[in-house]
Peer 1: 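Below is a structure I'd like to ask you about.
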Amino acid sequence: MSLDQDQAWFHSQFLALCIRKTSFEWQQFVTDLMHMRHGADFVQVDPSGRGDRGCDGWVDGLMLACYGATSPSETYVANKIKSDFETAEAHWGDHMKKWAFVYNNATGLPTMAAAGIMELRKLRNDGLVKIENWPPQVLWDHCVGSEIERNKLSLILGAPPSEHPAGMSYIARCVETLARTRLFSDQDDVVQVPFGKIEHNEFGPDVSDLLKQFKVHTGHVRFYFAQASPGEQAQVSENLRARYDGHRARLDDSDAVFHALCDDLISEAFGNGEFGDANQQRSAAMMVVTHFFETCEIFEAPVG
């Protein structure tokens, strides 16, 4: 992939993982990125024993407070912002020059929580501690920015797709993962993807470009099914649709669902790490998911 395509994949996968990571998984995700950015300068506090005393990570006077939730309560988050700051200030004192509330919702904070940040800034206008608001966009800019460190990012976000189409053996592994049992009923004719389906599902620009890019290669998946056992495509479609429904119910974000489906296939088809190239694995998973997007088996088609 080109540098721009690499950046688009890493950025969209990062935002998708932000939605999917909650609680301690979110905190670990943030600290992994901060370790990548700052190396040995970043200090992670072990919360076991006496707890972290409001410090989810520290570097050069910057104190982090991580919060990852799927359906945050406005009152709870507003109270948490205040209590986390007060706890950190009481325990860490002069070590804290900046305090950042790092959360996983790219669309922003609930109203009361946003007001809590504003109120905290108003109360602490003495200049001793700067109060910072870190949604995923700020975390990305701080840790990654425009400088893609492909190898380091791959360890945290997963390997990006290859610049070449995946080989048939990789496609087969993905399909076999989905084909738990065989169906022997006749297959329906393939339905072409309706005009406007990408826009209808509200994909972001990065994932929209990836879908268009991988659409070029889905002929390899169609060729595989042309040689497969009768009913195999129908069974794979049924199982993938069930996975799609599960992710959609939990995530309610098309980009996150797309990446979650690809991650599922990679984990289950190649989880032991003994099968070939990680970039080819990603390409194969994306080709299979894009194929079923095209045939209207997953994601929603526009009405009319």
Side-chain angles (χ1 to χ4, degrees), residues 7 10-11 13-70 72 76-106 108-109 113-114 116-121 123-159:
Q7 175 119 2
F10 277 122
H11 185 249
Q13 172 76 338
F14 163 80
L15 290 176
L17 287 173
C18 288
I19 294 171
R20 293 158 57 189
K21 302 284 187 183
T22 59
S23 190
F24 289 111
E25 282 190 354
W26 169 245
Q27 182 175 329
Q28 189 59 54
F29 183 63
V30 172
T31 55
D32 285 345
L33 288 165
M34 293 293 286
H35 278 301
M36 181 193 74
R37 169 68 175 82
H38 295 285
D41 290 335
F42 181 71
V43 178
Q44 182 176 358
V45 179
D46 185 352
S48 63
R50 296 186 176 183
D52 56 27
R53 296 295 193 271
C55 175
D56 292 334
W58 179 94
V59 60
D60 296 331
L62 169 65
M63 189 78 66
L64 302 183
C66 299
Y67 180 67
T70 52
Y76 176 81
V77 181
N79 290 336
K80 181 174 177 56
I81 289 170
K82 184 174 183 294
S83 64
D84 280 3
F85 175 80
E86 290 175 349
T87 299
E89 185 178 43
H91 188 79
W92 300 101
D94 293 341
H95 296 294
M96 190 170 71
K97 305 302 180 186
K98 292 188 290 186
W99 181 86
F101 189 69
V102 190
Y103 54 94
N104 65 338
N105 189 346
L109 288 168
I117 289 282
M118 298 174 193
E119 186 64 24
L120 199 55
R121 286 177 174 174
L123 292 173
R124 296 308 309 266
N125 62 357
D126 52 15
L128 297 178
V129 180
K130 183 180 180 183
I131 310 298
E132 297 195 347
N133 171 61
W134 279 29
Q137 298 92 325
V138 175
L139 179 65
W140 170 269
D141 287 342
H142 180 88
C143 294
V144 183
S146 60
E147 299 180 6
I148 292 291
E149 294 187 77
R150 184 186 177 103
N151 293 336
K152 289 183 178 180
L153 271 179
S154 294
L155 293 175
I156 301 172
L157 305 181

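Just so it is clear, the structure is predicted and the values come from calculations on it, not from any experiment.
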Peer 1: Check whether any side-chain heavy atom of V30 sits under 4.5 Å from a side-chain heavy atom of Q27, and report yes or no.
Peer 2: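 Heavy-atom side-chain distance check fails, nothing below 4.5 Å.
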Peer 1: Got a sec, which residues hit side-chain hydrogen bond (donor to acceptor under 3.5 Å, both in side chains) with K21, two or more places apart in sequence or on another chain?
Peer 2: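 Per chain and number, K21 pairs via side-chain hydrogen bond (donor to acceptor under 3.5 Å, both in side chains) with no residue.
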Peer 1: Would you mind checking if K130 and E132 are paired as a salt bridge, meaning a charged N to carboxylate O distance below 4.0 Å?
Peer 2: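 Looking at E132 and K130, the cut-off is met.
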Peer 1: Testing the basics here: between G108 and Y103, what is the closest heavy-atom pair and its distance to 0.1 Å?
Peer 2: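 The pair with the smallest heavy-atom distance is C-CE1, 4.0 Å.
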Peer 1: I want to check something: taking the side chain as every heavy atom from C-beta on, are M63 and K98 in contact at a cut-off of under 4.5 Å?
Peer 2: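 Of all side-chain heavy-atom pairs linking K98 with M63, none is under 4.5 Å.
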Peer 1: Using only atom types and a distance under 3.5 Å, with no angle test, would you say the side chain of Q13 pairs donor to acceptor with the backbone of G158?
Peer 2: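 Side chain of Q13 to backbone of G158: no pair is present.
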Peer 1: List in chain and number order the residues that pass side-chain hydrogen bond (donor to acceptor under 3.5 Å, both in side chains) with H38, two or more places apart in sequence or in another chain; answer none if no residue qualifies.
Peer 2: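 For H38 the side-chain hydrogen bond (donor to acceptor under 3.5 Å, both in side chains) partners, ignoring immediate neighbours, are H142.
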Peer 1: Which heavy atom of C66 sits nearest a heavy atom of D56, and at what distance?
Peer 2: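 Minimum heavy-atom contact is N-OD2, 2.7 Å.
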Peer 1: Quick check: closest heavy atoms across I81 and A113, and the distance to 0.1 Å?
Peer 2: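 So the minimum-distance heavy-atom pair works out to CD1-O, 3.4 Å.
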Peer 1: Can you confirm whether K97 sits close enough to V129 that some side-chain heavy atom of one is under 4.5 Å from a side-chain heavy atom of the other?
Peer 2: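 No; the side chains remain at least 4.5 Å from each other.
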Peer 1: What is the ring orientation for H11 with W140, classed by angle as parallel under 30°, tilted 30 to 60°, or perpendicular over 60°?
Peer 2: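 Ring orientation of H11 relative to W140: perpendicular.
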Peer 1: Tell me, please, which residues at least two apart from E149 pass salt bridge (Lys or Arg N to Asp or Glu O under 4.0 Å).
Peer 2: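 For E149 the salt bridge (Lys or Arg N to Asp or Glu O under 4.0 Å) partners, ignoring immediate neighbours, are K152.
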Peer 1: Could I get the full list of side-chain contact (heavy atoms from CB on, under 4.5 Å) partners for E86, not counting sequence neighbours?
Peer 2: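 If we apply the side-chain contact (heavy atoms from CB on, under 4.5 Å) test to E86, skipping adjacent residues, the hits are K82.
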Peer 1: Using every non-hydrogen atom in the two residues, find where V102 and W26 come nearest and quote the distance to one decimal.
Peer 2: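 Of all heavy-atom pairs spanning V102 and W26, the closest is O-NE1, 3.1 Å.
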Peer 1: With a 4.5 Å limit on heavy-atom distance, are the side chains of L17 and F29 in contact?
Peer 2: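 Side-chain contact under 4.5 Å: yes.
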Peer 1: So which atom in C143 and which in M34 form the shortest heavy-atom distance, rounded to 0.1 Å?
Peer 2: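 The pair with the smallest heavy-atom distance is SG-SD, 3.6 Å.
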Peer 1: Pairs in or reaching into residues 28-45: which pass salt bridge (charged side-chain N to carboxylate O under 4.0 Å, His left out), with residues at least two apart or in two chains?
Peer 2: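 Output for this query is empty, none listed.
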Peer 1: Which heavy atom of W92 sits nearest to which heavy atom of C55, and what is that distance?
Peer 2: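 Of all heavy-atom pairs spanning W92 and C55, the closest is NE1-CB, 3.3 Å.
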Peer 1: Please enumerate all residues that pass side-chain contact (heavy atoms from CB on, under 4.5 Å) together with A78, with sequence neighbours excluded.
Peer 2: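 With neighbours one apart ignored, the set is M112.
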Peer 1: If you measure only the distance, is there a donor-acceptor pair under 3.5 Å linking the side chains of Y67 and N104?
Peer 2: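 Short answer, no.
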Peer 1: Checking the side chain of S83 only, and the main-chain atoms of K80 only, is there a donor and an acceptor separated by less than 3.5 Å?
Peer 2: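 Side chain of S83 to backbone of K80: a pair is present.
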